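All chains are named by letter (A, B, ...) in the order of the sequence lines, taking the proteins before the strands, and each is independently numbered beginning at 1. Remember, it's a predicted structure, so these values are computed and weren't measured experimentally.
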Number of protein chains: 2
Amino acid sequence: MSTAAGSTRPDRAAETRQVIMAAAERLFAEHGLSAVSSRQIAEAAGQRNVTAVSYHFGSRPGLVRALMARHGEQVDVLRERHLRTAAGSTDVRDWVDCLVRPTSEHLAALGTPSWHARCAAQVMTDPTLRVLVIDEALTRPPLTRTLEGLHRCLAHLPSQVLAERGDMARQLIVHTCAERERALAEGTAPPHTSWERTAGSLTDALVGLFTAPVS
Amino acid sequence: MSTAAGSTRPDRAAETRQVIMAAAERLFAEHGLSAVSSRQIAEAAGQRNVTAVSYHFGSRPGLVRALMARHGEQVDVLRERHLRTAAGSTDVRDWVDCLVRPTSEHLAALGTPSWHARCAAQVMTDPTLRVLVIDEALTRPPLTRTLEGLHRCLAHLPSQVLAERGDMARQLIVHTCAERERALAEGTAPPHTSWERTAGSLTDALVGLFTAPVS
DNA sequence: ACTGGCCTAAGTCAATCGACTGAATTACTG
DNA sequence: CAGTAATTCAGTCGATTGACTTAGGCCAGT
C-alpha cells in the first residue's frame with residue numbers, strides 16, 4: 001500500500017519542481033529576473049545538477065510560466081469565491097474587490113517573507129517575458145468575468161478609457177503589492193501594515209481611479 | 001578660434017558619454033537591465049574597447065545613475081514651469097498636472113521611438129537599483145514642492161494614506177508611460193494615441209485616485 | 001528478485017563576462 | 001615644436017554561463 005506515509009514515488013519529480021520553483025521565486029525577487037542563472041537556481045534548490053531547471057521546465061521562460069501559472073490557479077480559486085458574492089452588483093467597489101482581494105488574500109496566505117509579488121512585478125516589466133504572461137493571465141475566466149462586471153458598472157465610459165484604466169489598475173495592483181511585500185520582508189514597513197490594510201487602500205484608490213470623471 | 005565648427009576638444013569625452021548613454025538606454029529598454037552587458041553597450045555605442053563604460057561611468061550602476069540624472073534634470077526644468085502656473089492653487093488637478101505633464105512633455109520631446117520610460121520602469125523594478133534612484137528622485141526640489149502643494153489640497157487625508165497614494169501615483173506614472181512608450185515604439189498603439197492624450201488619461205485617473213474617499 | 005523507466009549526479013565544452021594592463025592616439029599647453 | 005594629460009584601442013586573465021553527454025540511483029510492476 002502506498003496510502004499515507006508522505007508521498008508515493010512518482011511525486012519525487014513534483015517535489016523537486018516545487019523546491020526549484022520556491023528557490024527561483026526567492027532569487028528572482030531578491031536579485032532580479034535576468035540576474036539569476038539557471039545554475040544558481042538549481043544550487044539554491046539543493047540540486048547538485050546544473051541541468052535541473054532545463055530538465056524539469058525545459059527552459060527559463062518555462063520556469064517563469066510555471067511559476068506564474070501556479071499562483072494564477074490559486075488566485076483564481078479565491079476570485080471565484082468573491083465573484084459569487086459580487087454577482088449582479090452594480091457597485092463598482094464590489095467588482096474592484098474581486099480584482100484586489102484575491103491577490104492580497106493569496107499573498108497573505110503565503111506568509112512573510114513572501115516573494116511572489118516582487119517576482120510578478122519583475123516579470124511584468126521584463127520586455128521578453130511580459131507578453132508571455134499577460135495574455136495567459138487575461139485568458140483566465142474568473143478575471144475576465146470580473147472585468148465584465150466592472151465594465152457593466154462603467155458602461156458610461158468610452159471603451160478606450162475603460163481599457164486604459166484597466167491597464168492602470170493592473171499596473172497599480174501588481175507594483176503596489178510588490179512594494180508592500182518588499183517592505184514587509186525587509187521589516188521597513190510602517191506600523192499596522194498588513195495585506196488587509198493594503199487591499200483596503202488599493203481598493204479605495206482604484207474605485208477613485210475607475211469612477212474619476214473624464215475630461 | 002574654436003567658436004562654431006561643432007565642438008571644442010574637451011567635448012570628446014562628453015560626446016562619447018552621450019553616445020554610450022543613448023545606446024545603453026535603448027538596450028536596457030529592449031532587453032531588460034541586467035540582460036545587457038557592459039560589452040554590448042560599448043559595442044552598440046561604436047566603442048571598440050570593452051572598458052568604455054567603466055572608464056566613463058565607473059560602473060554599471062554609475063551609468064544608470066547618470067542616465068536617470070540627465071532626464072531628471074530635463075524634467076525638472078519643465079516642472080518648474082508648471083509649478084509657476086500652479087502656485088497657490090487649491091485644485092488637486094493643478095498639482096497632479098505638475099506631477100504628470102513634465103514627464104509626458106519630456107517623453108514627447110524625445111520623439112518616437114524613445115526608450116527612457118521603459119528604461120526608468122526597469123530601474124524602478126530592479127531590486128538593487130531601485131533605492132539608488134528613488135531617494136535621488138525624491139530630493140529633487142521641484143518634485144518635493146509639487147508634493148507639498150498636493151498635500152496642502154489633501155490635508156484632510158491621514159498622512160499614511162497620503163504617503164500610500166503618493167507611492168501609487170509614482171508607480172502609475174512610471175509604468176503607464178513605459179507601456180505607452182512601448183506601444184508607440186512597436187506601432188501597436190491604438191489610434192489617436194499621443195503623449196498629450198496619455199497625460200490627460202493619467203491626470204484624470206490620478207485626480208480620482210487622490211480624491212477618493214477613505215473607507 | 002529483476003528489469004525498465006524516470007530522476008538526479010557528475011563532468012565537459014565553447015562562449016561570454018567583468019576587470020585589468022599597457023600601448024597608441026588625440027589635442028591642448030608652454 | 002615638444003610635452004602632457006586625457007581618451008581610445010587592443011589583448012589577456014580567471015570565473016561563470018547555458019547546453020550537452022554520460023553515469024548512477026531509485027522505485028513500480030511483474
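A search for side-chain hydrogen bond (donor to acceptor under 3.5 Å, both in side chains) contacts involving B:His71 returns B:Glu25, B:His106, not counting sequence neighbours.
Atom-to-atom, OH of B:Tyr55 to P of D:dC9 comes out at 12 Å; the value is rounded to the nearest Å. Atom CG in A:Asn49 sits about 11 Å away from atom C1' in D:dC20, given to the nearest Å. Atom P of nucleotide D:dA10 and atom CD of B:Glu43 are separated by 13 Å, given to the nearest angstrom. B:Gln47 places its CD atom 13 Å from the C1' atom of D:dA10, with the value rounded to the nearest Å. Distance B:His56 NE2 to D:dA6 C1': 10 Å, rounded to the nearest Å. Atom pair A:Leu63:CG and D:dG18:C1' shows a separation of 15 Å (rounding to whole Å applied). Distance, B:Arg48 CZ to C:dG22 P: 23 Å, rounded to whole Å.
Each of B:Val50 and A:Val50 has a nearest nucleotide on DNA chain D; the 5'-most of these lies closest to B:Val50.
Closest of all the heavy-atom pairs between B:Thr125 and A:Ala121 is CG2-O, 3.7 Å.
Residue B:Thr16 is in sugar-phosphate contact alone, with no base atom involved, counting any heavy-atom pair closer than 4.0 Å across all strands shown. Residue B:Thr51 is in base contact, counting any heavy-atom pair closer than 4.0 Å across all strands shown.
For B:Gln171 and A:Gln171, the side-chain atoms include no donor-acceptor pair closer than 3.5 Å. Looking only at atom types and distance, the side chain of A:Gln160 has no donor-acceptor partner in the side chain of B:His192 under 3.5 Å away. Looking at A:Glu181 and A:His116, their side chains never bring a donor and an acceptor atom within 3.5 Å of each other.
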Using the 3.5 Å cut-off, write out each protein N or O paired with an N or O of nucleotides 15-17 of chain C and the distance between them.
from   : atom 1 : to      : atom 2 : distance (Å)
C:dC17 : OP1    : B:Ser37 : OG     : 2.9

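Not one N or O on the side chain of A:Arg130 forms a donor-acceptor pair closer than 3.5 Å with the backbone of A:Val123.
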